[in-house]
Colleague: 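Okay, here's the structure, questions in a sec.
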Amino acid sequence: MRRGAQGLMLTAIMTCLVAANAQAQPPAKELFGGIERPSSDAPQALGSYARGCLVGGVPLAEAGAGFQTMRPSRNRHWGHPSLVAYVERLAAELRTRGHPGLLVGDMAQPRGGPMRTGHRSHQIGLDADIWFKPAPAAPFDYAARENVSAVSLLQTGTRELDWAAFDSFGALEVVKTAARDPEVARIFVHPAIKRGFCARAGDERDWLRKVRPWWGHHYHFHVRLACPAGSVGCRDQDPPPPGDGCGAELAWWFTDEPWQPSTTPPKPPLRMADLPPRCATLVTPR
Ligand SMILES: [Zn+2]
């Protein structure tokens, strides 16, 4: 065998070994899903929303001025400090206007990364789910935070908005306030809810650009912050298209096309090799 061919063969064997090794690794969600504490380094959102991890995560308190966290046993109320500050800021602002309070669902795991259940994104500590249900006057106890059901803003079994639920939460005012924060990149809501905002927004429509229709998201809205200053390894998404998004793009969601069963096979779970290299240091003992 010629020397060049030998080299090629060796390269091919090495490539196979590396690939086999990557396959032998557990899915990244199993590694990140088992970690109960954050890393202690300076905060960094690393990678992209659906492919990354969180360095130096901080917890949102169980409750504070104008908010409570829900489903505490999941241990998903961690975030980049800018996300925690954002939730506190939004809750406090709404409270001064008389809103009864926010119930905060999943944010990120202590070190971010993929989750064993429930989300594709929420990986870099910049995503938070906020329920479409006002907080009660007396705080929930632990069992209630664990078990109380969320409220859908859709009429049961339909893709039509339940205006009474929409208004009783103050959805227009809450999501408008949430979207206007300059740190917010996007907010995801069900298309019927976006259509409700389009109908009710009046002349103030700048904030609607950030409010994006998406599947699900009728029990909660999902706030996504832009990469914080200093998170050099954080990858922003492209900004949403210009305009309020209330025209043809929204109309598509009210055709049958988006609701057909998917014909593409599910993607294999992310492995550590799919994430930024530094993420591996968060799940291996140092
Ligand atoms: Zn979410």
Colleague: Please confirm whether the backbone N or O of Q44 pairs with a side-chain atom of S231, one donor and one acceptor, at under 3.5 Å?
Modeller: no
Colleague: Determine whether more than 12 heavy atoms belonging to other residues, nucleotides or ligands lie under 6.0 Å from atom CD of E36.
Modeller: no
Colleague: What pair of heavy atoms forms the shortest contact from A91 to G66, and how long is it?
Modeller: CB-O, 3.5 Å
Colleague: Quick one: closest heavy-atom pair of S168 and P134, and the distance?
Modeller: O-CG, 4.0 Å
Colleague: Within the supplied structure, the quantity of interest is the number of heavy atoms (other residues, nucleotides, ligands) at a distance under 6.0 Å from E62 CD; does it exceed 12?
Modeller: no
Colleague: To the nearest 0.5 Å, what is the distance between OG1 (T117) and CG (D106)?
Modeller: 7.5 Å
Colleague: Within a strict 4.5 Å, meaning less than it, do heavy atoms of the V58 and P38 side chains meet?
Modeller: no
Colleague: I need the minimum non-hydrogen distance between A28 and P114, along with the two atoms involved.
Modeller: CB-CG, 3.8 Å
Colleague: Please identify which of these residues, F188, F132, W131, meets the ring pair (Phe, Tyr, Trp, His ring centres under 6.0 Å) condition with F221.
Modeller: F132
Colleague: Is the backbone of W215 close enough, under 3.5 Å, to the side chain of H217 for a donor and an acceptor to pair up by distance?
Modeller: yes
Colleague: Using a strict 4.0 Å threshold on nitrogen-to-oxygen distance, state whether E173 and R200 make a salt bridge.
Modeller: no
Colleague: Check K194 with E249, please: is the shortest side-chain N to carboxylate O separation under 4.0 Å?
Modeller: no
Colleague: Looking only at non-hydrogen atoms, find the nearest pair between R145 and F140 and report the distance.
Modeller: CG-CB, 3.5 Å
Colleague: Extract all donor-acceptor atom pairs below 3.5 Å that involve side chains of residues 120-129 and protein atoms in other chains or at least two apart in sequence.
Modeller:
{"from": "S121", "atom 1": "OG", "to": "R224", "atom 2": "NH2", "distance (Å)": "3.1"}
{"from": "H122", "atom 1": "ND1", "to": "M107", "atom 2": "O", "distance (Å)": "2.8"}
{"from": "H122", "atom 1": "NE2", "to": "H119", "atom 2": "ND1", "distance (Å)": "3.4"}
{"from": "H122", "atom 1": "NE2", "to": "D129", "atom 2": "OD1", "distance (Å)": "3.2"}
{"from": "Q123", "atom 1": "OE1", "to": "R51", "atom 2": "N", "distance (Å)": "3.3"}
{"from": "Q123", "atom 1": "OE1", "to": "G52", "atom 2": "N", "distance (Å)": "2.9"}
{"from": "Q123", "atom 1": "NE2", "to": "A50", "atom 2": "O", "distance (Å)": "3.1"}
{"from": "Q123", "atom 1": "NE2", "to": "R120", "atom 2": "O", "distance (Å)": "2.9"}
{"from": "D127", "atom 1": "OD1", "to": "H222", "atom 2": "NE2", "distance (Å)": "2.7"}
{"from": "D127", "atom 1": "OD1", "to": "R224", "atom 2": "NE", "distance (Å)": "2.7"}
{"from": "D127", "atom 1": "OD1", "to": "R224", "atom 2": "NH2", "distance (Å)": "3.3"}
{"from": "D127", "atom 1": "OD2", "to": "H122", "atom 2": "N", "distance (Å)": "3.3"}
{"from": "D129", "atom 1": "OD1", "to": "H220", "atom 2": "NE2", "distance (Å)": "3.4"}
{"from": "D129", "atom 1": "OD2", "to": "H220", "atom 2": "NE2", "distance (Å)": "3.4"}

Colleague: How close do R111 and R37 get, counting heavy atoms only, and between which atoms?
Modeller: NE-O, 2.8 Å
Colleague: Salt bridge or not between E93 and R180? Use side-chain N to carboxylate O under 4.0 Å.
Modeller: no
Colleague: Between R235 and Y49 (side chain of the first, backbone of the second, donor and acceptor by atom type, cut-off under 3.5 Å), is there such a pair?
Modeller: no
Colleague: Does P139 offer a backbone N or O that forms a donor-acceptor pair with the side chain of Q68 under 3.5 Å?
Modeller: no
Colleague: Where the side chain of D181 meets the backbone of A178, is there a donor-acceptor pair that is under 3.5 Å apart?
Modeller: no
Colleague: Counting only heavy atoms not in R209, do more than 12 fall under 6.0 Å of its CZ?
Modeller: yes
Colleague: Kindly give the heavy-atom pair with the smallest separation between L103 and P136, and that separation in Å.
Modeller: CD2-CD, 4.5 Å
Colleague: Determine the interplanar angle of the F169 and H99 rings, folded into 0 to 90°, and report it as parallel if under 30°, tilted if 30 to 60°, perpendicular if over 60°.
Modeller: perpendicular
Colleague: Any side-chain heavy atom of Y86 within less than 4.5 Å of one from V184?
Modeller: yes
Colleague: Using the salt bridge (charged side-chain N to carboxylate O under 4.0 Å, His left out) criterion, which residues pair with D236? Sequence neighbours excluded.
Modeller: none
Colleague: Determine, stepwise, if the pair T177 / W207 fulfils side chain to side chain contact (heavy atoms under 4.5 Å, CB included).
Modeller: CA-CA 9 Å; T177 308; W207 60 281; over 6 Å; no
Colleague: Pick one: which of W259, Y219, W214 meets ring pair (Phe, Tyr, Trp, His ring centres under 6.0 Å) with H190?
Modeller: W259
